[in-house]
Trainee: 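My structure is below; once you've seen it, I'll send some questions.
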Amino acid sequence: MSKKSISQKQADREKQENHTLNRIYYVFLLGLAAECYLFLVYRGYAWGSVSSTLAWHKVLTAATWLGLAALVVGAVGAFLKRKERKLRRIMTWVAGVGAFFLLSGWVVTRFFTNGVGVTAMCILVPIVAVLALVYLLYQHECALCSVILSGAMFSVWLRGASDASASWRVLVMVGCIVVAAGIAAVLFLTDKARKNDGKLWKLRVFSVECDYRIVYAVLAVAAAAVLLAAFLPALTYYLMWGLGVLLFAELVFYTTKLM
C-alpha cells in the first residue's frame with residue numbers, strides 16, 4: 001500500500017476538523033433549542049396560570065411517552081444498523097432527543113413544587129452541552145475525567161442538600177454509595193483498556209499516549225469524595241471545592257497537551 005502524500009494527509013486532516021466543527025455546531029444548536037424549550041416550560045408550566053399549567057402538563061406527559069418511544073427506537077435502530085455509519089448516526093440522534101424529552105418530562109412533572117424540576121433541567125442542559133463539547137474537542141480520557149468529576153460534584157452537593165430532609169437523606173446516601181461503586185467499575189474497565197492498548201472489545205476508548213496515572217487518580221479521588229460525603233455530610237462544602245479545583249486542573253492539563 002502506497003503512503004499518502006503530504007497534500008492528501010492535509011486534506012484528510014481538514015476534512016476531519018470540518019466534521020468535528022459541524023458536530024460542535026449541532027451540539028450548540030441542540031443545547032440552545034433545549035434551553036429555549038425549558039424556558040417556555042418554566043414560564044407556562046411552573047409559573048403560569050392554572051389553565052396554562054394544565055395544558056403544559058398534558059404536553060409534558062405526551063412528550064415523556066414519545067421520548068421513551070424515540071429512545072427505544074433510536075437505540076435499537078443504532079444497534080441493528082451499527083455497520084451503516086450514516087443511518088447509525090441518525091438513529092443515535094433520535095435516541096438522544098428522545099432521552100431529553102423523556103428525562104425532562106419526567107423530572108419537570110415529578111418535581112413540580114416551586115419549579116424545582118424545570119430549574120434543575122435548565123441547569124443540567126448547559127452542563128451536558130459543555131461536557132459534550134469537551135468530548136468532541138479533547139481526548140476521550142479528558143472527557144471521562146470531566147464527566148466523573150462533574151457527577152461526583154453533583155452527588156456531593158445532593159448529599160449535603162438532602163441531609164436536613166428525613167425523607168431523602170437515606171435514599172441519597174445509598175445513591176452516593178452506588179455512584180462510588182459505579183466509579184470503581186469504571187476504574188476496572190479503564191485498567192482493562194490500559195492492558196489492551198486503550199481499547200475495550202476492539203473499540204478504542206483512550207488515546208495511545210494516554211497517561212493512565214491521571215485517570216486513576218481522578219477516579220480514586222472522585223470515589224473517595226462521594227463515599228466521604230455519604231457518611232460525613234458536614235464535609236460536602238469542602239469536598240465540592242476540592243473536586244472543582246481538581247476539575248479545573250485536569251482541564252488545564254489536557255489543554256496543554258493539545259498545544
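Quick note: numbers below take in every heavy atom, side chains included, and nothing from hydrogens, waters or symmetry partners. Residue numbers run from 1 in the order of the sequence given.
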Trainee: Measure the CG-CG distance between L232 and L227 for me, rounded to the nearest 0.5 Å.
Mentor: 10.5 Å
Trainee: To the nearest 0.5 angstrom, please state how far the OH atom of Y26 sits from the CH2 atom of W93.
Mentor: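 Reported to 0.5 Å precision, the distance equals 9.0 Å.
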Trainee: Under 4.5 Å between any side-chain heavy atoms of V73 and M91, yes or no?
Mentor: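 With C-beta onward as the side chain, the pair touches.
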Trainee: Assess whether side-chain contact (heavy atoms from CB on, under 4.5 Å) is satisfied between L66 and F101, documenting all intermediate values.
Mentor: CA-CA 8 Å; L66 289 174; F101 281 107; over 6 Å; no
Trainee: Which atom pairs, donor and acceptor, lie under 3.5 Å between side-chain atoms of residues 152-163 and protein residues at least two apart or in another chain?
Mentor:
residue	atom	partner	partner atom	Å
S155	OG	G151	O	2.9
R159	NE	A229	O	3.4
R159	NE	A230	O	3.1
R159	NH2	A230	O	3.3
S162	OG	L158	O	3.1
S162	OG	R159	O	3.1

Trainee: Could you measure the distance from the NE2 atom of H140 to the CZ atom of F206? Nearest 0.5 Å is fine.
Mentor: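 If we round to the nearest 0.5 Å, H140:NE2 and F206:CZ are 10.0 Å apart.
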Trainee: Could you pull out the closest heavy-atom pair between C142 and V134, with the gap in Å?
Mentor: SG-CG1, 4.1 Å
Trainee: Within the 4.5 Å heavy-atom criterion, are T190 and E141 side-chain neighbours or not?
Mentor: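 No, every pair of side-chain atoms sits at 4.5 Å or beyond.
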Trainee: Could you give all pairs that pass the ring-ring contact (aromatic ring centres under 6.0 Å, His included) test and reach residues 49-83, with sequence neighbours left out?
Mentor: none
Trainee: Should we say atom CZ of F111 is surrounded by more than 12 heavy atoms from elsewhere, each under 6.0 Å from it?
Mentor: yes
Trainee: Working to the nearest 0.5 Å, report the span between SG of C145 and CG of L219.
Mentor: 6.0 Å
Trainee: Give me the atom names and distance for the closest heavy-atom approach of V226 to C176.
Mentor: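 That closest heavy-atom pairing would be CG1-O, 3.0 Å.
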Trainee: How far does CD1 of I123 sit from CG of L38, to the nearest 0.5 angstrom?
Mentor: 11.0 Å
Trainee: So if you build clusters from Ile, Leu, Val, Met, Phe, Trp, Tyr with side-chain heavy-atom gaps below 4.5 Å, do V97 and M121 land together?
Mentor: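 Both belong to a single hydrophobic cluster.
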Trainee: Before you tell me yes or no, could you show the steps for V59 and Y45 under side-chain contact (heavy atoms from CB on, under 4.5 Å), namely the whole-Å CA-CA distance, both residues' side-chain angles and the distance that decides it to 0.1 Å?
Mentor: CA-CA 10 Å; V59 171; Y45 183 67; over 6 Å; no
Trainee: Quick one: does L247's side chain get under 4.5 Å of L243's, heavy atoms only?
Mentor: no
Trainee: So which atom in G117 and which in V107 form the shortest heavy-atom distance, rounded to 0.1 Å?
Mentor: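 Smallest interatomic distance, heavy atoms only, reads O-CG1, 3.6 Å.
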Trainee: Do I183 and I177 sit in the same hydrophobic cluster, where Ile, Leu, Val, Met, Phe, Trp and Tyr count as joined when their side-chain heavy atoms come under 4.5 Å apart?
Mentor: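 Unlinked, I183 and I177 end up in two clusters.
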Trainee: Test Y138 against T255 for side-chain contact (heavy atoms from CB on, under 4.5 Å), laying out the working first.
Mentor: CA-CA 8 Å; Y138 288 79; T255 300; 2.9 Å; yes
Trainee: What's the shortest heavy-atom distance between A34 and V125, and which atoms?
Mentor: CB-CG1, 4.0 Å
Trainee: Got a sec: does the CZ of R43 have more than 12 other heavy atoms crowding it under 6.0 Å?
Mentor: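 Not more than 12 within 6.0 Å, no.
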Trainee: Could you see if Y216 belongs to whatever hydrophobic cluster contains L189? Use Ile, Leu, Val, Met, Phe, Trp, Tyr and a side-chain cutoff under 4.5 Å.
Mentor: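 Yes, same cluster.
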Trainee: Are the side chain of T256 and the backbone N or O of F253 linked by a donor-acceptor pair below 3.5 Å?
Mentor: yes
Trainee: Verify the cluster assignment for V179 and V186: are they in a single hydrophobic cluster under the rule of side-chain heavy atoms below 4.5 Å apart?
Mentor: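 Linked within one cluster.
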Trainee: Only pairs at least two apart or in different chains count here, so list each salt bridge (charged side-chain N to carboxylate O under 4.0 Å, His left out) that has a residue in residues 212-232.
Mentor: D211-R213
Trainee: Short question: side chain of S207, backbone of Q139 - any donor-acceptor pair under 3.5 Å?
Mentor: no
Trainee: Please give me the minimum heavy-atom distance between L71 and A95, naming the atom from each residue.
Mentor: CD1-O, 3.4 Å
Trainee: Once salt bridge (charged side-chain N to carboxylate O under 4.0 Å, His left out) is applied, do any residues pair with K195, and if so which ones, sequence neighbours excluded?
Mentor: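 Listed in chain order: D191.
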Trainee: Can you name the nearest heavy-atom pair linking W106 to T64, along with the distance?
Mentor: N-OG1, 3.6 Å
Trainee: Show your reasoning for whether side-chain contact (heavy atoms from CB on, under 4.5 Å) applies to K192 and L200.
Mentor: CA-CA 7 Å; K192 185 176 180 180; L200 276 178; 3.9 Å; yes
Trainee: List the residues meeting side-chain hydrogen bond (donor to acceptor under 3.5 Å, both in side chains) with S146, not counting sequence neighbours, and say none if there are none.
Mentor: E250
Trainee: Can you tell me how far CD1 of I214 sits from CG of L144, rounded to the nearest 0.5 angstrom?
Mentor: 13.0 Å
Trainee: According to a hydrophobic-cluster definition based on side-chain heavy atoms being under 4.5 Å apart (Ile, Leu, Val, Met, Phe, Trp, Tyr only), do I148 and F188 belong together?
Mentor: yes
Trainee: Under a 3.5 Å distance rule, please check whether R204 uses its side chain to pair with a backbone N or O of D197 as donor and acceptor.
Mentor: yes
Trainee: Check which hydrophobic residues are tied to V245 through side-chain heavy-atom contacts below 4.5 Å, counting indirect links as well, and list them.
Mentor: none
Trainee: Verify the neighbour count for atom OH of Y212: are there more than 12 heavy atoms of other residues, nucleotides or ligands below 6.0 Å?
Mentor: yes
